[in-house]
Amino acid sequence: MSETDSGEGNPASSDFIRDIIWADVASGKHAGIVTRFPPEPNGYLHIGHAKSICLNFGVAAETGGRCHLRFDDTNPVREEQEFIDAIQEDVRWLGFEWGTDAYHASDNFDQLYQWAKHLISEGKAYVDGLSAEEMRAYRGTLTEPGKNSPHRDRPVAESLDLLARMRAGEFEDGALVVRAKIDMAAPNMNLRDPVIYRIVHAIHPRTGDAWCIYPTYDFAHGQSDAIENITHSLCTLEFEDHRPLYEWFVDNLPVPSHPRQIEFARLNLTHTVLSKRILMRLVDEGHVSGWDDPRMPTLSGMRRRGIPPEAIVDFCGRIGINKSNSMVEMAMLDACVREDLNKRAVRRMAVLRPLKVVIENYPDGQTEELDAVNNPEDETAGMRKVPFSRELYLERDDFMEDPPKKFFRLAPGREVRLRYAYFVTCTQVITDAAGEVVELRCRYDPATKGGNAPDGRKVRATLHWVAASHAIDAEVRLYDHLFKAEEPGKSGDILEDLNPNSVEVITGCKLEPALEQCETSKAVQFERLGYFILDKGSTPAEPVFNRTITLRDTWAKVQKKGG
RNA sequence: UGGGGCGUAGCCAAGUGGCCUAAGGCACCGGUUUUUGGUAUCGGCAUUCGGAGGUUCGAAUCCUCCCGCCCCAGCCA
């Protein structure tokens with residue numbers, strides 16, 4: 001009802017594609033809007049795909065139309081069932097539904113084959129016997145026109161016969177090809193008699209060995225769109241040059257509808273890479289543990305990292321849609337992740353690098369159950385009890401023997417607050433032979449129970465802690481950018497830009513007991529440290545947490561500035 | 001040097017001839033609040049829209065030229 005309402009109806013935020021589509025809705029050009037997300041199942045989906053998914057499914061939802069999930073499975077040598085399954089899981093995880101069964105370009109192989117024959121019969125395509133190298137030579141260059149293949153004027157009947165024999169498996173890979181007869185002198189290279197069918201003796205994940213000839217992308221995509229009655233075929237900029245070809249097929253074939261292709265810029269993100277080829281290489285060469293390594297920009301990696309799908313959808317909305325190549329800072333994604341997690345992650349206390357502390361004046365053997373808020377941003381999250389006892393663990397970073405002026409955490413003689421517990425003052429520092437601090441002695445003020453001083457005295461810092469007697473031991477993995485360079489590979493070998501410190505594994509971390517009940521799908525904030533999630537490989541006996549992202553850290557910023 | 005695109009702050013991005021001495025977000029800087037140096041909140045951050053001319057009473061928006069960046073010569077998608 002409000003003007004800024006999202007959901008049904010014309011949304012407040014728009015872009016040039018939505019403008020076009022809404023204009024088509026207004027003019028009644030189509031019965032309904034139909035878009036499609038067309039991944040090739042040759043790898044895992046990454047956040048760049050999420051941009052396209054959000055656009056296609058988003059527009060469909062906003063206009064009351066629908067969006068198909070269609071696998072562009074025309075190249076069996078690179079496609080696998082594993083990828084088909086993973087892609088569906090990832091699209092669902094993002095929160096989108098494609099209703100009926102997924103579509104496949106391979107569902108149209110029969111029709112496409114008939115259309116190839118149709119083109120030949122009309123004298124608009126022919127079977128060519130040029131080798132790949134010869135074809136390249138005949139194609140000309142960017143500045144010189146190509147030459148007609150000597151087989152270009154092969155009689156229709158001969159081409160038809162050859163095509164039938166190609167289909168029957170009489171020839172080896174690469175022996176023959178069918179080409180659209182367009183214009184070898186066209187300034188647009190895509191129009192220089194593009195190949196529309198090639199021989200590939202390979203098992204297709206869906207059609208098995210039913211075919212040994214496969215349509216190319218150009219011959220399959222637009223026609224598949226037309227068969228599915230797609231109204232708006234949204235793709236990335238590199239296909240802009242293919243649009244005349246897309247239209248040529250749709251104009252020269254008896255297709256059931258005329259979809260419109262519109263191109264937009266793909267996403268580029270700093271400190272990572274969004275190229276399936278390179279991601280595949282990182283996996284194959286073992287630079288990461290797999291497609292779902294938490295450092296990967298894949299949706300499965302981000303899921304394992306603990307990034308909520310809502311944050312990704314929000315991010316895709318914030319970056320916008322247009323035609324200019326851009327490089328989005330990872331900080332933009334980080335902000336979306338923090339904003340989402342801040343609202344829904346429960347808070348817990350965990351000490352990553354424990355420093356033992358003994359509260360000298362606290363009775364030995366006594367334990368108190370203190371009240372702690374689960375999420376200050378969400379009252380419905382309720383409260384929990386946290387045990388407190390004489391021996392505790394504090395974060396090593398929260399103590400400095402000789403603190404600089406701006407450090408206001410624990411130091412000798414200084415009083416700080418232990419969150420939800422008491423004010424404590426450091427009375428003694430115990431070091432080992434090497435001078436390393438191994439233990440702290442503190443005194444607590446019983447009057448400050450819960451964290452407030454009745455006399456109104458203030459304290460500069462509030463620290464998180466875990467009672468030694470009740471602590472759960474865990475492993476925690478700290479993740480950072482996969483690449484240290486903003487634009488990996490920009491100046492040389494991309495592997496040189498890998499961040500050698502993209503993951504740090506810490507063992508012997510101490511967690512508060514409430515962390516015993518945790519799920520791999522529920523984000524948790526370790527107070528003052530960041531957002532974490534139980535790793536899918538974790539076990540109750542040996543819990544493993546992945547750090548999704550740190551909290552904003554102004555102290556770290558101050559330290560950096562101070563040198 | 002052929003064809004197709006793109007150029008608004010450090011980054012993303014609205015804007016399509018007058019309400020633009022240019023939204024919003026991220027980042028950054030500073031204040032307030034705070035039992036997370038978190039959150040929230042307030043303020044600052046382009047007299048200028050790749051550059052130069054021109055049209056116009058008036059231009060980021062129209063015209064001309066120039067400059068820069070991206071994509072295309074797979075039987076990949």
Side-chain angles (χ1 to χ4, degrees), chain A residues 13-15 38-40 42 72-75 77-79 128 130-132 135-137 139-146 173-179 186-192 194-200 213-214 216-218 220-221 235-244 263 265 270 276-277 315 317-336 338-339 342-343 347 349 372-373 376-377 406-409 417-421 423 448 450-452 459-464 486 525-530 550-559:
Chain A
S13 77
S14 199
D15 53 67
E40 182 190 11
N42 66 344
D72 234 333
D73 54 351
T74 57
N75 184 6
V77 314
R78 316 215 293 194
E79 297 154 8
D128 199 355
L130 248 33
S131 69
M135 209 180 287
R136 192 177 314 126
R139 187 153 35 227
T141 69
L142 295 179
T143 52
E144 304 161 64
D173 289 5
L176 294 172
V177 92
V178 5
R179 293 226 256 172
N188 180 343
M189 301 291 283
N190 294 118
L191 267 17
R192 319 245 266 224
V195 170
I196 63 173
Y197 256 99
R198 65 306 204 186
I199 301 171
V200 180
I213 59 173
Y214 293 90
T216 55
Y217 163 84
D218 286 309
H221 201 93
C235 63
T236 44
L237 254 28
E238 66 271 28
F239 293 103
E240 208 151 17
D241 283 344
H242 292 244
R243 188 171 0 112
E263 313 82 16
T270 61
K276 272 200 263 186
R277 197 191 99 251
F315 171 75
R318 290 195 204 190
I319 58 177
I321 298 289
N322 63 31
K323 298 187 70 161
S324 58
N325 293 309
S326 59
M327 177 66 69
V328 179
E329 291 177 343
M330 187 67 88
M332 182 93 88
L333 210 209
D334 292 345
C336 295
R338 289 195 180 102
E339 188 176 308
N342 175 52
K343 284 177 294 186
R347 271 93 238 243
M349 292 197 284
V373 174
E377 306 292 323
K406 286 182 177 169
F407 180 89
F408 43 82
R409 273 111 95 146
R417 168 169 41 232
L418 295 186
R419 182 144 230 225
Y420 299 126
F423 280 17
T448 59
N452 283 308
V459 101
R460 290 300 297 278
T462 299
L463 309 184
H464 61 276
E486 275 209 343
Q525 181 193 110
F526 287 175
E527 295 228 24
R528 303 209 303 133
L529 298 175
T550 61
L551 251 31
R552 248 190 213 94
D553 190 350
T554 51
W555 165 235
K557 224 176 271 176
V558 170
Q559 276 181 304

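Reckoned from all heavy atoms, side chains included, excluding hydrogens, waters and symmetry mates. Model, not experiment: these values are computed from the prediction. Chain naming here is simple, since letters A, B, ... match the order of the sequence lines and numbering starts at 1 in each.
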Nucleotide of [options] approaching [X] most closely (side-chain heavy atoms):
| X | options | answer |
| --- | --- | --- |
| A/Ser324 | B/A27, B/A73, B/G7 | B/G7 |
| A/Ser326 | B/G2, B/C12, B/G5 | B/C12 |
| A/Ile319 | B/C12, B/A77, B/G2 | B/C12 |
| A/Asp72 | B/G74, B/A77, B/G5 | B/A77 |
| A/Val195 | B/C75, B/G38, B/C76 | B/C75 |
| A/Asn75 | B/A27, B/A13, B/C76 | B/C76 |
| A/Glu329 | B/C11, B/C12, B/G2 | B/C11 |
| A/Met327 | B/C12, B/A27, B/C76 | B/C12 |

If I pick the [atom1] atom on [M] and the same atom on [N], what distance separates them, to the nearest angstrom?
| N | M | atom1 | answer |
| --- | --- | --- | --- |
| B/G24 | B/C20 | C1' | 15 Å |
| B/G51 | B/G68 | P | 15 Å |
| B/G38 | B/G31 | P | 13 Å |
| B/A27 | B/A13 | C1' | 14 Å |

Touch check for [X], heavy atoms < 4.0 angstrom, all strands: base, sugar-phosphate only, or nothing?
| X | result |
| --- | --- |
| A/Glu263 | nothing |
| A/Glu527 | base |
| A/Tyr214 | nothing |
| A/Met135 | base |
| A/Lys343 | nothing |

Report the glycosidic orientation of B/G53: syn if within 90° of 0, anti in every other case.
anti
Respond yes when some side-chain nitrogen or oxygen of [X] is under 4.0 Å from OP1 or OP2 of [N], and no when none is.
| X | N | answer |
| --- | --- | --- |
| A/Arg417 | B/U36 | no |
| A/Arg198 | B/A77 | yes |
| A/Asn342 | B/G38 | no |

Going by purine N1 to pyrimidine N3 plus the second Watson-Crick contact, or the G-U wobble pair, all under 3.5 Å, which nucleotide sits opposite B/C62?
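Paired with B/G54.
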